[in-house]
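Okay, so here's the structure we're looking at.
Lettering of chains follows the sequences in order, A, B, ..., and the numbering in each one begins at 1.
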2 protein chains.
Amino acid sequence: MDLDIGEVARRSGLPVSALRYYEEKGLIAPNGRRGLRRQYDAGVMQRLALIALGRNAGFSLDEIGRLIPAGPGDAPALDRKMLAARADELTSTIQELTVLRDALRHTAACRAPSHAECPTFMAALSHPGRIAPFRGKRKLTK
Amino acid sequence: MDLDIGEVARRSGLPVSALRYYEEKGLIAPNGRRGLRRQYDAGVMQRLALIALGRNAGFSLDEIGRLIPAGPGDAPALDRKMLAARADELTSTIQELTVLRDALRHTAACRAPSHAECPTFMAALSHPGRIAPFRGKRKLTK
DNA sequence: GTTCCAGCTCAAGTCGGCTTGAGGTCAAGG
DNA sequence: CCTTGACCTCAAGCCGACTTGAGCTGGAAC
């Protein structure tokens, strides 16, 4: 029992335009068509979940495409190396965010007359190498 | 002893084009000009550090502009409420990323013949509400 | 049999954060 | 004097991930 694109949109929370876009990018594909209409089988939902997972992990759609080629017989074949690498990156991202959050929290709470006089704040400011933005493609996710 | 834009670029790691762009957005301003050339005082470095901090925390340049108006006498006046709110958001972002990283790591290591047979993987997939992308402006930072 | 609705295609637009390019200015050095 | 190099302005372009709009189709309901 196949699903109309609208139904997939409803179930996934993604706009139909995004679904068509994903198709264009080769991330999903309808089972076939009924007339003009794309018909999806229920498995697409899992694939979308997987894509979302990837997006949340900071992969671009192109990377996701490389990461989860539709394996033969529909089980996505994941690239374990890429996953492990991203896991490591996430670890350092998490680390940075944690430092940042603590600094933010402290700064918000700190009652020094001027932030310039708060050592925690100043320490966060002079944290080495933090001025130039990440040059990576990490995005998380908009 | 004032700095040329090129010197600021060198010290901060930011391209000059980005510095001019920041100026256009009202985030930094030269001390004055010598001929046509912008001259910055050393304090700009701290301000850039602050901006970088904000970007890393996921604020847009516009938000940063609102967050750190150049206080009277050059000490930036931070909006403590906004900071606290973002700290809370960071906490949940961190939480999500941690779950994700663990799932990734596990998936990479897992030797089940197909990922479909790995319960950890499947659990990550069906984690509720994770399909639709965040609609916020969070970006982290590119 | 016409009015709808959901779907279709293709091209163009949007947004943030810059970058790039063309063309101009200016001080210092050979 | 003329070149070089660092800077200047302004307009346009770029990237990813979609969205929007115009104009079309095809089945179903009245």
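Protein atom OH of Y40(A) is 13 Å distant from nucleotide atom C1' of dA6(C), rounded to whole Å. Distance CD (E23(A)) to P (dC18(D)): 15 Å, rounded to an integer number of Å. The OH-P distance, from Y21(B) to dC14(D), rounds to 17 Å in whole Å. One interatomic measurement links the two molecules: CG of L19(A) to P of dA17(D), which rounds to 15 Å at whole-angstrom precision. As a whole-Å value, the separation of R55(B) CZ from dG16(C) P is 12 Å. In this entry the distance linking CG of D62(B) with P of dC15(C) reads 12 Å, nearest Å. Across the protein-nucleic acid pair, I28(A) atom CD1 and dA17(D) atom P stand 15 Å apart, rounded to whole Å. Regarding I5(A), its CD1 atom lies at a distance of 14 Å from the P atom of dA6(C), rounded to whole Å.
Taking the nucleotide of DNA chain C with the nearest heavy atom to each of L61(B) and R37(B), the more 5' of the two is matched to L61(B). Nearest-nucleotide positions on DNA chain D place L36(B) closer to the 5' end than the other of L36(A) and L36(B).
For R33(B), taking side-chain heavy atoms from C-beta onward, the closest of the listed nucleotides dC8(D), dC18(C), dA6(D) is dC8(D). Residue S60(B) places its side chain closer to dG17(C) than to any other of dG17(C), dC8(D), dC8(C).
At distances below 3.5 Å, at least one donor-acceptor pair connects side-chain atoms of E63(A) with backbone N or O atoms of S60(A). Side-chain atoms of D4(B) never come within 3.5 Å of backbone atoms of G6(B) as a donor-acceptor pair (strictly under, hydrogens ignored).
Considering only side-chain N and O atoms, R10(A) lies nowhere under 4.0 angstrom from the phosphate OP1 or OP2 of dA6(C). Distances shorter than 4.0 Å separate none of the side-chain N or O atoms of R34(B) from OP1 or OP2 on dT25(C). Between R20(B) and dT20(C) there is no side-chain polar atom (N or O) within less than 4.0 angstrom of OP1 or OP2. Residue Y22(A) places at least one side-chain N or O closer than 4.0 Å to OP1 or OP2 of dC18(D).
The two residues T91(A) and R101(B) make their nearest non-hydrogen contact at OG1-CD, 2.9 Å. Nearest heavy atoms, I64(A) versus R55(A): CD1-N, 3.6 Å.
Among the atoms of the strands shown, only primed sugar atoms or phosphate atoms (P, OP1, OP2) are found under 4.0 Å from some heavy atom of R38(B). Residue-level contact check: G35(B) touches neither bases nor backbone, having no heavy atom under 4.0 Å from any strand.
Under the 4.5 Å side-chain criterion, counting only non-hydrogen atoms from C-beta, Q39(B) is not in contact with L3(B).
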